Protein chains: 2
Amino acid sequence: MIIKPTESELEILNILWSKGPSTVREVHEVLEQNKEAGYTTTLKLMQIMHDKTLLTRDASSKSHVYTANVSQQKTQGQYIKRMIDNVFNGSASQLVIQALGNHKTNKKELDEIKKYLAEMEKKTK
Amino acid sequence: MIIKPTESELEILNILWSKGPSTVREVHEVLEQNKEAGYTTTLKLMQIMHDKTLLTRDASSKSHVYTANVSQQKTQGQYIKRMIDNVFNGSASQLVIQALGNHKTNKKELDEIKKYLAEMEKKTK
DNA sequence: TTGTATTTACGAAAATATTCGTAGGTTTGC
DNA sequence: GCAAACCTACGAATATTTTCGTAAATACAA
């Protein structure tokens, strides 16, 4: 199944991924920190996401509690794939190098990457 | 200036980046290989992109010749930034690792990345 | 109980993106 | 010169995404 949340949906997924199951109100309060938005806008979005099964919800209490129903990892993977295909001519290394170049990457992050590369090497042998 | 081409626009930019300046017909023929689309649809899109100054054009001959007016590198950079922010919680290394993990990366690509990392190291010192 | 606040459901407007038909102009080959 | 092929311009229909107002239900406090 192809997961293709819109940008707004992605913002909401991100909040749910990091905070865990939340009510509309809770999600909305986080969203508001970055941009203006009406409460019912957030509500509607999350209802639509529920219809699309991007979210599940527990309606047992008055304020429904929503949970992301797609994994962060899988969603990330599909985004990357789309991006590599559409924007990077299929070259993952081009993406990686751009990412490292444009973004200020700290030592800890670099170490993680090197560690990961080393593991890949091992498996290849 | 923030560059934010839509998905369709990105497809066209990619063609222009790789083929260089081209007519609508030439772009359209490449597009057709991947998906069904009417000629005037492609034309209209490129006209809109011209209005947005994503493309420049030479109208001196009957078939106008369009050129990408945004660099591939800059566009890529902005996409990555947006993606890191929206989908990867601001962590570039998370993106890099996902990219390497999901995508089959060959030895040549891996070498390029390692080389790049080594250079970064040098500069940091 | 009663009213105030909060919530959901839902329709619909507004904004944005995509697709296409048609009209009119230009080129080309016969 | 004339028709066929091809091109642009442009309006408008569709589709998709985002936003919001309103009504009805529920909870809660006085």
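Being a predicted model, the structure only gives us computed values, none of them experimental. Here is the naming used below: chain letters follow the sequence lines, and residue numbers restart at 1 for every chain.
Judged by distance alone, the side chain of A:Glu9 and the main-chain N or O of A:Thr6 form a donor-acceptor pair under 3.5 Å.
The CD atom of B:Glu11 sits 15 Å away from the P atom of C:dA17 (whole-angstrom rounding). Atom NE2 of A:His28 is separated from atom P of D:dT18 by 16 Å (rounded to the nearest Å). The nearest whole Å value for the distance from the CD1 atom in B:Ile12 to the C1' atom in C:dA17 is 12 Å. When rounded to the nearest whole Å, the span between CG of B:Leu45 and C1' of C:dT19 equals 9 Å. What separates CG of B:Asp58 from P of D:dT8 is a distance of 12 Å, to the nearest Å. To the nearest angstrom, C1' of D:dC20 lies 15 Å from CG of A:Leu31. Look at CG on A:Asp51: it is 14 Å from C1' on C:dG11, rounded to the nearest Å. Distance CE (A:Met49) to P (D:dT19): 13 Å, rounded to an integer number of Å.
One finds no side-chain N or O of B:Tyr39 lying less than 4.0 angstrom from the OP1 or OP2 phosphate oxygen of C:dT19. Of the side-chain N and O atoms in A:Thr41, one or more sit less than 4.0 angstrom from OP1 or OP2 of D:dC20. Regarding contacts with the backbone of D:dA9, a side-chain N or O of B:Arg57 is found under 4.0 angstrom from either OP1 or OP2. Proximity of B:Thr40 to the phosphate of C:dC20: no side-chain N or O atom is located under 4.0 Å from OP1 or OP2. Put simply, A:Arg25 has no side-chain N or O that comes within less than 4.0 Å of OP1 or OP2 on C:dT6. Contact between the side-chain N/O atoms of B:Ser63 and the OP1/OP2 oxygens of D:dC6 is not found at any separation under 4.0 Å.
The shortest distance between side-chain heavy atoms of A:Leu100 and B:Tyr116 falls below 4.5 Å.
Follow the hydrophobic side-chain contacts under 4.5 Å out from A:Ile80 and you reach A:Leu10 in the same cluster.
Salt-bridge formation is detected for the pair B:Lys4/A:Glu7: a Lys NZ or Arg NE/NH1/NH2 atom is positioned less than 4.0 Å from an Asp or Glu carboxylate oxygen. Look at B:Lys81 and B:Asp85 and you find a salt bridge, because one of the NZ, NE, NH1 or NH2 atoms lies within 4.0 Å of a carboxylate O, short of that distance.
When distances run from any side-chain atom of B:Lys44 to the nucleotides C:dC10, D:dC7, C:dT19, the shortest one goes to C:dT19. Side-chain proximity of A:Gln47 to the nucleotides C:dA9, C:dA17, D:dT8 is greatest for C:dA9.
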Should B:Leu55 and B:Leu13 be marked as a side chain to side chain contact (heavy atoms under 4.5 Å, CB included) after you check the CA-CA gap, both sets of side-chain angles, and the distance that decides it?
CA-CA 8 Å; B:Leu55 306 182; B:Leu13 282 175; 3.9 Å; yes
Pair up each side-chain donor or acceptor in residues 40-51 of chain A with any protein partner under 3.5 Å, not counting sequence neighbours, and list the distances.
unit_1, atom_1, unit_2, atom_2, d
A:Thr42, OG1, A:His28, ND1, 2.8

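Place A:Lys4 and B:Val65 on DNA chain D by their nearest nucleotides, and B:Val65 ends up nearer the 5' end.
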Check nucleotides 24-30 of chain D for protein N or O atoms closer than 3.5 Å to its own N or O atoms and list the pairs.
unit_1, atom_1, unit_2, atom_2, d
D:dT26, O2, A:Lys62, NZ, 3.2

